[in-house]
K.L.:
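Take a look at the following structure, please.
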Amino acid sequence: MAAVFLVTLYEYSPLFYITVVFVCFLVTSGLVLGWFGLGVPVILRNSEETESSTRVLKKRMRQVKNPFGLEIPHPATASVTKGITLTPDCLEDCILTCYWGCSVQKLHEALQKHVYCFRIKTPQALEDALYSEYLYRQQYFIKKNDKEEKYCQLPEDAQIVDFGPVPRSRYPLIALLTLADEEDREIYDIISMVAVIHIPDESYRLSCRILYQYLLLAQGQYHDLKLFMSANSTAPASSNTSPGERGTDRSLLEKAGLAEDEPELPEENSKDCVVCQNGTVNWVLLPCRHACLCDGCIKYFQQCPMCRQFVQESFPLCSKKEQDEDESTHLLQDVLPGRVF
């Protein structure tokens, strides 16, 4: 019946030729557009092309060794009048320079000068960029792998008990770590670290903590150390504080304009993927810097599941091989708790 219809259409109407040409045009157009990945219906593409087009661009990470480390071992005892104890942990010989009452504006101008004008790789370079806009300076020489505590305090004759009401024009303390040997500055990409430290005083009793940490690179960039995990992490500085004290700290940070808009975190101390609740968190999303997805869920999201910001790039915290080795080590330790591997 169909053959009879086609023969009749062929003999009595030119529509047959028009139909054949139109069908050939549609098929050719679909094949060409599908080959180049343009806006073609999904039915014309295979499953592998569809899956790959929805994946987030994975950022190629270059491993950089950070020679600097800084901790506050006793944050509860720190104050402007009593001073603060710092514990540096450096891979090479370093110089720890502490600037009390450093100008907020001059510090951020100095960071911009590191990008555009000159490199802040020595304490003198930072002092030149600050135009000496600080109240007092202390300096210590740190030997390689030396974790000895360093005590920093304002002199008694300074008679400084606070740095005024918020918003303040001066940071209580700026800690600068730089490489002591010039040869080491040629080896490491990271040449200095700037830590902005809050210290409680009579007018602003927010608990002592590191507010910001900036890593300064030899090429002229600087990075703000900040990473939001999807689960609670027990920090030594706040493990002994009550919920009321943490709420007070949060309100003080908001008043000073230093609070981060972090999402509500679950109460359990786990590091499972926020989507499947099964896989281990391994992927960091950029630019929001939330670490919340596992290897299986990362390919299905173009927006961060925590803040809904569009993901431009992503990178893994560790490779699949490292994860397998870590899991096998934990399994062996669970079976033989008395053995050390």
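None of the values given here were measured: they were computed from a predicted structure.
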K.L.:
When clusters are formed by joining ILVMFWY residues with side-chain heavy atoms under 4.5 Å apart, either directly or through shared neighbours, do Phe310 and Leu286 land in the same one?
P.N.:
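No, Phe310 does not connect to Leu286 through the hydrophobic network.
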K.L.:
Would the distance check show the side chain of Arg185 and the main-chain N or O of Ile191 forming a donor-acceptor pair, the cut-off being under 3.5 Å?
P.N.:
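No, Arg185 side chain to Ile191 backbone: no donor-acceptor pair under 3.5 Å.
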K.L.:
Closest approach of Leu179 and Tyr188, non-hydrogen atoms and distance?
P.N.:
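The pair with the smallest heavy-atom distance is CD1-CD1, 4.1 Å.
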K.L.:
About how many Å separate CG of Asp157 and OH of Tyr136, when rounded to the nearest 0.5 Å?
P.N.:
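Result: 8.5 Å between the selected atoms.
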K.L.:
Could you go through Lys150 and Gln138, starting from their C-alpha distance and side-chain angles, then the distance that decides it, and tell me whether this counts as side-chain contact (heavy atoms from CB on, under 4.5 Å)?
P.N.:
CA-CA 10 Å; Lys150 305 298 180 182; Gln138 291 176 289; over 6 Å; no
K.L.:
Are Leu135 and Ile199 connected in a single hydrophobic cluster, I mean Ile/Leu/Val/Met/Phe/Trp/Tyr linked by side-chain heavy atoms less than 4.5 Å apart?
P.N.:
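Linked within one cluster.
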K.L.:
Should we count CZ of Phe141 as having more than 12 external heavy atoms under 6.0 Å?
P.N.:
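Yes, CZ of Phe141 has more than 12 neighbouring heavy atoms, counting only those of other groups under 6.0 Å.
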K.L.:
Should Tyr212 and Tyr171 count as side-chain neighbours, where that means a heavy-atom distance under 4.5 Å?
P.N.:
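A side-chain contact exists here, since the closest heavy-atom pair is under 4.5 Å.
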K.L.:
According to a hydrophobic-cluster definition based on side-chain heavy atoms being under 4.5 Å apart (Ile, Leu, Val, Met, Phe, Trp, Tyr only), do Val161 and Leu154 belong together?
P.N.:
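Shared cluster, no.
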K.L.:
For the residue pair Ala195 and Gln213, what are the closest heavy atoms and their distance?
P.N.:
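Of all heavy-atom pairs spanning Ala195 and Gln213, the closest is CB-CG, 4.1 Å.
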K.L.:
Mind checking whether Cys292 and Cys304 have side chains closer than 4.5 Å, heavy atoms only?
P.N.:
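Heavy-atom side-chain distance check passes, below 4.5 Å.
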K.L.:
Which distance, rounded to the nearest 0.5 Å, do you find between the CG of Leu107 and the CD of Glu133?
P.N.:
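These two atoms lie 12.0 Å from each other.
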K.L.:
List the steps, then state whether side-chain contact (heavy atoms from CB on, under 4.5 Å) holds for Leu217 with His223.
P.N.:
CA-CA 8 Å; Leu217 277 66; His223 300 296; 3.5 Å; yes
K.L.:
Under 4.5 Å between any side-chain heavy atoms of Cys98 and Leu173, yes or no?
P.N.:
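In short, these two side chains touch, coming nearer than 4.5 Å.
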K.L.:
Find out whether Val194 and His114 are in side-chain contact, i.e. whether some heavy atom of one side chain is under 4.5 Å from a heavy atom of the other.
P.N.:
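Not touching, per the 4.5 Å side-chain cut-off.
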K.L.:
How close do Leu176 and Thr122 get, counting heavy atoms only, and between which atoms?
P.N.:
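Result for this residue pair: CD2-O, 4.4 Å.
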K.L.:
Is it the case that over 12 heavy atoms from other parts of the model lie below 6.0 angstrom from the CZ atom of Phe118?
P.N.:
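Yes, enclosed.
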K.L.:
Looking at OH of Tyr140 and CG of Leu177, how far apart are the two atoms once the value is rounded to the nearest 0.5 Å?
P.N.:
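It comes to 12.5 Å.
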K.L.:
Quick one: closest heavy-atom pair of Pro123 and Tyr99, and the distance?
P.N.:
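So the two residues come closest at O-OH, 3.4 Å.
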K.L.:
Would you compute the distance between atom OG of Ser314 and atom CG of Leu293 and round it to the nearest 0.5 angstrom?
P.N.:
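Output value for this atom pair is 9.0 Å.
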K.L.:
State plainly whether the residues Asp184 and Lys144 are in salt-bridge range, i.e. N to O under 4.0 Å.
P.N.:
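Lys144 and Asp184: not salt-bridged.
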K.L.:
Counting distance only, does the side-chain N/O of Asp181 pair as donor-acceptor with the main-chain N or O of Glu183 below 3.5 Å?
P.N.:
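Side chain of Asp181 to backbone of Glu183: no pair is present.
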K.L.:
Is it true that, when you exclude Lys121 itself, more than 12 heavy atoms of the residues, nucleotides or ligands shown sit nearer than 6.0 Å to its NZ?
P.N.:
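No - once you tally the heavy atoms of other residues, nucleotides and ligands closer than 6.0 Å, there are 12 at most.
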K.L.:
Do Leu215 and Met193 come close enough that some side-chain heavy atom pair is under 4.5 Å?
P.N.:
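Yes; the side chains approach each other to less than 4.5 Å.
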K.L.:
Compare every heavy atom of Val284 with every heavy atom of Ala291, then report the nearest pair and how far apart it is.
P.N.:
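Heavy-atom minimum between the residues: CB-CG2, 4.0 Å.
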K.L.:
Please answer whether the main-chain N or O of Cys102 pairs with a side-chain N or O of Arg170 as donor and acceptor at a distance below 3.5 Å.
P.N.:
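Flag not set: sc Arg170 to bb Cys102 has no pair under 3.5 Å.
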K.L.:
Can Val80 and Phe163 be said to form a side-chain contact (heavy atoms from CB on, under 4.5 Å), step by step?
P.N.:
CA-CA 9 Å; Val80 170; Phe163 290 95; 3.9 Å; yes
K.L.:
Does either side chain, that of Glu109 or that of Tyr131, offer a donor lying less than 3.5 Å from an acceptor on the other one?
P.N.:
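No, no side-chain donor-acceptor contact under 3.5 Å.
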K.L.:
Mind checking the CG-CD spacing from Leu285 to Gln303? Nearest 0.5 Å is all I need.
P.N.:
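Output value for this atom pair is 11.5 Å.
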K.L.:
Look only at the side chain of Gln277 and the backbone of Val274, and say whether a donor-acceptor pair between them is shorter than 3.5 Å.
P.N.:
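Here the side-chain-to-backbone pair exists.
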K.L.:
Measuring only between side-chain heavy atoms, which start at C-beta, is Ser203 closer than 4.5 Å to Arg168?
P.N.:
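A side-chain contact under 4.5 Å exists here.
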K.L.:
Please tell me if the side chains of Ile120 and Thr178 come closer than 4.5 Å, counting only heavy atoms from C-beta onward.
P.N.:
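The answer is no, as the side chains (C-beta and beyond) never meet within the 4.5 Å cut-off.
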K.L.:
Can you name the closest pair of heavy atoms from Val104 and His108 and give their distance?
P.N.:
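Reported closest heavy-atom pair: O-CD2, 3.1 Å.
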K.L.:
Got a donor-acceptor contact below 3.5 angstrom from the His198 side chain to the Leu206 backbone?
P.N.:
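Side chain of His198 to backbone of Leu206: a pair is present.
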K.L.:
How far does CH2 of Trp100 sit from CD1 of Ile84, to the nearest 0.5 angstrom?
P.N.:
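CD1 of Ile84 is found 6.5 Å from CH2 of Trp100.
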K.L.:
Does any part of the side chain of Asp89, heavy atoms only, come nearer than 4.5 Å to the side chain of Leu70, both counted from C-beta?
P.N.:
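Side-chain contact under 4.5 Å: no.
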K.L.:
Passes side-chain contact (heavy atoms from CB on, under 4.5 Å), Ile72 versus Arg209? Steps please.
P.N.:
CA-CA 8 Å; Ile72 304 175; Arg209 66 188 65 193; 5.7 Å; no
K.L.:
Counting only heavy atoms not in Glu71 (residues, nucleotides, ligands), do more than 12 fall under 6.0 Å from its CD?
P.N.:
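Atom CD in Glu71 is not packed in, count stays at 12 or less.
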